[in-house]
**Q** 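One structure is given below, represented as structure tokens, and several questions about it will come after.
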Number of protein chains: 2
Amino acid sequence: MKNIALWGIPLFLLLQLTGNAADKPKPSPNGIEFPAGYQNWKLISMSHRVDNNTVRVILGNDTAIKASRSGKTNPWPDGSILGKIVWKQAAAVDWKKAIVPGKFVHAEFMFKNSKKYAKTVGWGWARWKGLDQKPYGKDDKVASECIACHTPVKKNDWVFTKPAVLPKP
Amino acid sequence: MKNIALWGIPLFLLLQLTGNAADKPKPSPNGIEFPAGYQNWKLISMSHRVDNNTVRVILGNDTAIKASRSGKTNPWPDGSILGKIVWKQAAAVDWKKAIVPGKFVHAEFMFKNSKKYAKTVGWGWARWKGLDQKPYGKDDKVASECIACHTPVKKNDWVFTKPAVLPKP
């Protein structure tokens, strides 16, 4: 009994650690870590893609928001992270002519670091799918698909989003 | 010259104060003060109204976000403020099949206080129009127009917005 009591506390701590590790989404196959807490980032813009019936909100970390709110986004400064949250579109229950977020699809991110990510046009690219936030892609070439799609906005530092106009605070 | 020098500093301060007062949006005609800094609130949801060609992002103050993220929104707790930012819809320049925020229309707010606003269904209602943020409405009856439109969602504590599904942080 004395042995069990002695081992009880470390075992409890080990279970706690294992539990936390399981809850945290795994890194992207290219090594990019999940940006925990993005749900609390501030607003940059939104969009409704009528070609694939999804709606999106684009948020930014503090570095990105400082750039976004001061119009200094070409290029975005190193340290900026842009997050795009994507849902299937749905009809609002109480206002039939409104389209609102339905099922959560994924959250995808661009991490600006012109040196660290020089080989992928100055950005790190990663996506986590579904509410269980599974990393997207099979290997470290995951960025090539992102960059191919973003090539039309190369002139805009590879970013589709233009910050929505907001009144000055 | 000595008199001018003596008055110089108070005059400068007076001009500064006048300048700041002019910059701050005036209260709503029903007395509700402008919720400064709402641009930095966190995300609740978004919508696209196809009946009037506007797009919207719905943000909340900290009390509202705590309720939103824990599903405790019927009723919303006292102290919640919901902000709806409205833009005319526009076609994205670099992705023709995407609709994005165009011209800024207005920001409108619901302030929950079941006692203070008991006469207007437990919420204070106010809207500020345009980038110069002019208060909407002619007199203190401004809420009656809001409440008439929100009557279909009386059962939802008078709120159209259902928080968008987000992964747990």
Side-chain angles (χ1 to χ4, degrees), chain A residues 23 25 36-52 54-59 65 69 85 87 89-104 106-107 128 130-133 149-150 152-156 159-169, chain B residues 23 25 36-52 54-59 65 69 85 87 89-104 106-107 128 130-133 149-150 152-156 159-169:
Chain A
D23 288 340
Y38 76 83
Q39 297 92 333
N40 292 328
W41 291 355
K42 293 168 188 169
L43 180 69
I44 296 179
S45 192
M46 53 75 70
S47 66
H48 175 201
R49 265 186 67 180
V50 296
D51 52 344
N52 70 359
T54 58
V55 294
R56 293 113 183 283
V57 170
I58 299 92
L59 304 179
I65 290 297
R69 302 283 166 91
I85 312 175
W87 300 266
Q89 73 176 53
V93 173
D94 300 304
W95 192 278
K96 297 297 180 191
K97 293 287 188 182
I99 290 161
V100 295
K103 186 181 176 187
F104 178 83
H106 63 234
W128 284 266
L131 286 176
D132 52 354
Q133 304 185 102
C149 186
H150 279 246
V153 286
K154 181 180 177 178
K155 67 182 186 310
N156 192 30
V159 174
F160 279 106
T161 303
K162 291 177 175 58
V165 173
L166 287 170
K168 298 278 180 200
Chain B
D23 288 339
Y38 74 85
Q39 296 92 334
N40 292 329
W41 290 354
K42 293 167 189 169
L43 180 69
I44 297 179
S45 193
M46 52 78 68
S47 65
H48 175 201
R49 264 187 68 179
V50 297
D51 52 344
N52 69 0
T54 58
V55 293
R56 292 110 184 286
V57 170
I58 298 92
L59 305 178
I65 291 296
R69 301 282 166 89
I85 313 176
W87 299 268
Q89 73 175 55
V93 173
D94 301 304
W95 193 277
K96 296 297 181 191
K97 293 288 189 183
I99 289 160
V100 294
K103 186 181 175 185
F104 178 84
H106 62 236
W128 283 266
L131 287 175
D132 53 354
Q133 303 184 105
C149 186
H150 280 247
V153 286
K154 180 179 179 178
K155 66 182 185 310
N156 192 30
V159 174
F160 279 106
T161 302
K162 291 179 173 57
V165 174
L166 286 170
K168 298 277 181 202

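These values consider heavy atoms only, across backbone and side chains, with no hydrogens, waters or symmetry-generated copies. Lettering follows sequence order; numbering is per chain, from 1.
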**Q** Which atoms of A/Val57 come close to chain B, meaning under 4.5 Å heavy atom to heavy atom: side chain ones, backbone ones, both, or neither?
**A** side chain

**Q** Could you measure the distance from the CG atom of B/Asn40 to the CG atom of A/Leu166? Nearest 0.5 Å is fine.
**A** 9.0 Å

**Q** If you count heavy-atom pairs under 4.5 Å with chain B, which of A/Lys96, A/Lys162, A/Lys97, A/Arg56 comes out on top?
**A** A/Lys97

**Q** What heavy-atom pair brings B/Met46 and A/Met46 nearest, and what distance separates the two atoms?
**A** CE-CE, 3.0 Å

**Q** Indicate the atoms forming the closest heavy-atom contact of A/Trp87 with B/Val165, along with that distance.
**A** NE1-O, 2.7 Å

**Q** If you tally heavy-atom pairs under 4.5 Å against chain A, which of B/Tyr38, B/Trp41, B/Phe104, B/Trp128 wins?
**A** B/Phe104

**Q** Quick one: what part of A/Gln39 sits under 4.5 Å from any heavy atom of chain B, side chain, backbone, both or neither?
**A** both

**Q** What part of A/Lys103 gets closer than 4.5 Å to chain B, counting heavy atoms only: side chain, backbone, both or neither?
**A** neither

**Q** What option among A/Val55, A/Asn52, A/Thr54 has the most heavy-atom pairs under 4.5 Å with chain B?
**A** A/Val55

**Q** What residue, out of A/Pro152, A/Gly102, A/Ala36, A/Ala164, has the most heavy-atom pairs lying under 4.5 Å from chain B?
**A** A/Ala164

**Q** I need the residue from A/Lys168, A/Arg69, A/Gln89 with the largest number of non-hydrogen atom pairs under 4.5 Å to chain B.
**A** A/Arg69

**Q** Show your working on side chain to side chain contact (heavy atoms under 4.5 Å, CB included) between A/Ile85 and B/Leu43 and close with a plain yes or no.
**A** CA-CA 11 Å; A/Ile85 312 175; B/Leu43 180 69; 4.2 Å; yes

**Q** Pick one of side chain, backbone, both or neither for A/Val153, based on which atoms fall under 4.5 Å of a heavy atom in chain B.
**A** side chain

**Q** Looking at B/Ala98 and A/Arg49, what are the two nearest heavy atoms and their distance?
**A** CB-CG, 4.0 Å

**Q** For A/Leu131, is it the side chain, the backbone, both, or neither that has a heavy atom closer than 4.5 Å to a heavy atom of chain B?
**A** both

**Q** In terms of side-chain geometry, is the basic nitrogen of B/Asp94 or A/Lys155 positioned less than 4.0 Å from the acidic oxygen of its partner?
**A** yes

